[in-house]
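Lettering follows sequence order; numbering is per chain, from 1. Scope of the values below: all heavy atoms of this structure, side chains included, with no hydrogens, waters or symmetry mates.
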Amino acid sequence: MDKPKLLPPTLRTNERYIIFNVLSESPIAYKDLVKSIWFSCLSFLGELKMSECELWVIRNLYNQKTQRGVIRCRHDMTEHVRTSLALIKQVGNINVIIKVIGVTGTIKSAKRKYLDFTDLKDFEVD
Amino acid sequence: MKYYDLHIEIENDAEKVIEYAKMLGFSGIAVTANPPAHRDEIEIVPCILIKAENKEDMKNEIEKYRNKTELVMVYGGNYEINRAACEDGRVDVLCSPERGRKDSGLDHICVRSASENNVAIEINFNEVLNSKNRSQSLSFLRRNIYLCNKYNAKIITTSGAKSIWEMRSPRELASLTNLLGLDIKSAIDSVSSVPEGIINTNREKIYGKRIGNTKIVGDVV
């Protein structure tokens, strides 16, 4: 037991999941993408706002083929993250446009609506 | 909802511009340099971007193009031109009044007359994306938005893209305007209903369906 316990729902922070699509000339590696997202957010928002933002790029939801991914942030900072994503010009030496497709409240609905998870297990209710 | 980007400065690659604009979710674009021909899949707004050095040149250029194109835009930057454009009712959009300046380029007199003459003030995303001192240009834009809010002047948000990779989707452009002090509804209106309104009134004027603020309904005998 070296982890703190999960907070009760009323004390947890409200989160939003931002689903984005990368338009680029050639395929983008996950590592470079995360680096440039963090760099752009830090330079645009600064360290203080960034701490408010609680940004996290979710690793196992990034799809190399469709170039879609998910970012987690706090619910009142989605506009800030959106603008900092728009201010990304290049990843490495490749020109990119990062387009936000949608914002959801849970990962489950993000998968269902935008990430084309057609596995039946994702829709099971238990 | 229809989204418009009224300021794209890409000279070649018309096919790609249209492809990307469609992909990003625009239903109408205005390409200032070398506008492509009419298309079915996307609305292309005929426009003219006037780059004048002084007031008289600007007025002559406006006189020449006003009755031919649907959108007359003036390239700002010089205070004399900014003010003259705001005071001229024939101008539709004043493009980035803070370009290349060390202040915001607009004062209360300009914005008040812009609001009286229905001149829209442009928030140019490219000015933020490619500026050397981003914090400074953001604060100028913030001041312009504050003044426009105060005097109820129109604001439109455009990408001002010089290459395809500088184009952004409408919601992203709106989010920048929202962060700079405009509430979210008016920010989204600044890429959708405000440009649409400008284009529609100008079309009515060109095709003889409107005189001044009066719309003509039915046939005139």
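Within the 4.5 angstrom heavy-atom criterion, atoms from both the backbone and the side chain of B:Leu129 approach chain A. Heavy atoms closer than 4.5 Å to chain A are found in the side chain of B:Arg134, but not in its backbone. Contacts of A:Ile98 with chain B are made by backbone atoms alone, with heavy-atom separations under 4.5 Å and no side-chain atom involved. Both the backbone and the side chain of A:Glu25 come within contact range of chain B, with heavy atoms under 4.5 Å apart. For B:Ile184, the part lying near chain A is the side chain, with the backbone staying farther off; criterion is any non-hydrogen pair under 4.5 Å.
Remark: the backbone N or O of A:Ile28 is paired with a side-chain donor or acceptor of A:Gln67 at under 3.5 angstrom. Between the side chain of B:Ser115 and the main chain of B:Val111, no donor-acceptor pair closer than 3.5 Å is present. Judged purely by atom type and a 3.5 angstrom limit, B:Ser113 uses its side chain to pair as donor or acceptor with the backbone of B:Cys110.
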>> Under the criterion side chain to side chain donor-acceptor pair (under 3.5 Å), I'd like the reasoning laid out for B:Tyr75 against B:Arg99: C-alpha separation, chi angles, the key distance, then a yes or no.
In response: CA-CA 9 Å; B:Tyr75 203 71; B:Arg99 187 195 313 262; 3.1 Å; yes
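A heavy-atom distance below 4.5 Å is not found between the side chains of B:Asn117 and B:Val91.
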